[in-house]
**Q** 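Let me begin by handing over the structure; questions about it come next.
Each ligand, and each atom within it, is numbered from 1 in the order the structure gives. Heads up: numbering here begins at 1 and tracks the sequence. Please read these numbers as outputs of a predicted model, since none were measured by experiment.
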Amino acid sequence: MLPVRGLGKPLFFFAMVGSTNERAVQLAHQDAPHGAVVVAEEQTAGRGRAGRRWFTPPGSALALSIILRPKGLSPGAIGGLTVVGALAVVEVLESLNTDAEIKWPNDVLIGGRKVAGVLVENSWEGDELDFAILGIGVNVGPESIPPEVEINYPTTCVQAAVGDRLDRHELLLAVVEGVARWYPRLGDPEVREAWDRRLAFKDREVRVDGLESEVVGVVQGVSENGELKLELKTGVIHNVAIGDVHLRPVDTNPK
Ligand code: BTN
């Protein structure tokens, strides 16, 4: 039942919106409180990272955005909000006995295929964070798997892994509960540790595409600052820091 630990009150439910993140931004500007949650059955203009689209057809996915008004957090800790979203989802998927992992920085995978994504949008007033929107999208049923043309990474859905129909209402509650549990720990070392434990492709060689260059290396883990630690062929440890990095194993050929 919502609210859970201060999240989910009020709950704004829409049968159809452009984007729950966009709607949450509007509501936050209209003084919606910390903990308000926006949920939609369908998004017609769902937002993904790096300006990509996020596919949310009706009746098959989870699309939610949580309005957060963090107090007194450093910009570094605020950056951890995306991880809070990914941890919440990954734990729910673990409880369903799937081999869920986090592809750095915060895509959730099952069996190496993307099943959920997190998009945080911040609104600043000068140096102060006014609010943050934590947007989470989960592919639940097979209809939520994007059409081939929209896929930039191999994708799956939770039901394909679990082999059963799932109650999206229960999943929503469990995800919000997970966010509520991790959110107060933002900035604590245990958030990074939990992230690192779930990190996909550990000890495997990957290629990280940055905006202007690419790096190939073996994944070592997540650094204290949330960077991806790669061991290069030279033996040097190289930390990848920038937000929009596309990561995939060099030995697969998605799409
Ligand atoms: C990604 O590209 O991996 C991030 C996807 C985030 C999608 C969610 S769905 C709910 C919320 N509303 C949006 O428009 N985007 C996020």
Side-chain angles (χ1 to χ4, degrees), residues 7-8 11-28 32 36-68 79 81-90 92-93 100-110 112-123 131-141 143-147 149-158 168 171-172 174-176 178-179 195 198 200 208-209 211 228 242-248 254-255:
L7 299 187
L11 175 67
F12 297 94
F13 175 80
F14 297 95
M16 191 207 279
V17 287
S19 147
T20 55
N21 266 29
E22 184 187 24
R23 199 73 190 90
V25 167
Q26 290 164 356
L27 289 161
V37 173
V38 179
V39 178
E41 190 64 4
E42 175 181 8
Q43 295 187 113
T44 54
R47 298 176 180 171
R49 277 193 296 122
R52 288 189 283 267
R53 270 166 48 89
W54 185 261
F55 183 66
T56 313
S60 171
L62 269 193
L64 69 142
S65 300
I66 306 177
I67 298 174
L68 298 168
L81 273 177
T82 49
V83 182
V84 163
L87 283 174
V89 173
V90 96
V92 173
L93 300 181
E101 297 177 302
I102 301 176
K103 178 171 77 77
W104 189 90
N106 49 54
D107 287 343
V108 180
L109 310 181
I110 293 180
R113 295 181 158 260
K114 181 159 170 173
V115 78
V118 181
L119 180 68
V120 171
E121 298 186 54
N122 294 324
S123 175
F131 60 81
I133 305 299
L134 171 56
I136 300 175
V138 185
N139 302 339
V140 181
E143 300 84 2
S144 62
I145 297 176
V149 284
E150 300 204 7
I151 295 181
N152 76 326
Y153 198 84
T155 308
T156 189
C157 67
V158 185
R168 284 179 301 129
L171 282 182
L172 170 72
V175 169
V176 175
V179 171
W195 184 16
R198 271 74 170 214
V208 182
D209 297 343
L211 291 178
L228 182 67
I242 61 163
D244 182 31
V245 172
H246 191 73
L247 174 65
R248 62 176 56 152
K255 168 115 179 269

**Q** For atom 3 (O) of ligand 1, state which one of Lys103, Arg47, Lys114, Arg52 supplies the nearest heavy atom.
**A** Lys114
**Q** Please report the shortest heavy-atom distance between Phe55 and Ser144, naming the atom on each side.
**A** CD2-O, 3.6 Å
**Q** With heavy atoms of Gly46 as the reference, note each atom of ligand 1 found under 4.0 Å away.
**A** 14 (O)
**Q** Report, in ascending order of atom number, the atoms of ligand 1 lying under 4.0 Å from any heavy atom of Ser19.
**A** 12 (N), 13 (C), 14 (O)
**Q** For the 3.5 Å polar cut-off, considering only N or O atoms, please tell me whether Trp54 and ligand 1 meet it.
**A** no
**Q** Regarding atom 1 (C) of ligand 1: of the candidates Arg23, Arg53, Arg49, which has the closest heavy atom?
**A** Arg49
**Q** Heavy atoms only: give me the nearest Thr20-Ala63 pair and the separation to one decimal.
**A** CG2-O, 3.9 Å
**Q** Just jot down the ligand 1 atoms closer than 4.0 angstrom to any heavy atom of Ser65, in number order.
**A** 11 (C), 12 (N)
**Q** Enter the distance from Ile136:CD1 to Leu64:CG here, rounded to the nearest 0.5 Å.
**A** 5.0 Å
**Q** Under 4.0 Å from a heavy atom of Leu64: which atoms of ligand 1 are those, numbered in the order shown and with their elements?
**A** 10 (C), 11 (C)
**Q** Using atom types as modelled and distance alone, determine if a side-chain donor or acceptor of Trp54 lies under 3.5 Å from a backbone N or O of Gln43.
**A** no
**Q** What about Thr20: any of its N or O atoms under 3.5 Å from an N or O on ligand 1?
**A** yes
**Q** Taking 4.0 angstrom as the limit and counting only heavy atoms of Val118, give me the atoms of ligand 1 inside it, by number and element.
**A** 4 (C)
**Q** Any side-chain to backbone donor/acceptor pair from Asn21 onto Leu119? Under 3.5 Å, distance only.
**A** yes
**Q** Minimum heavy-atom separation for Ile102 to Leu87, with atom names?
**A** CD1-CD2, 4.0 Å
**Q** Please report the interatomic distance CG(Leu93) to CG(Leu109), rounded to the nearest 0.5 Å.
**A** 10.5 Å
**Q** Could you list the atoms of ligand 1 found under 4.0 angstrom from a heavy atom of Asp107?
**A** 3 (O)
**Q** Students should be able to answer this: which protein heavy-atom is nearest to atom 9 (S) of ligand 1, and at what distance?
**A** Gln43 NE2, 3.4 Å
**Q** As a test of understanding, state which of Glu143, Glu42, Arg168 forms a side chain to side chain donor-acceptor pair (under 3.5 Å) with Ser60.
**A** Glu143
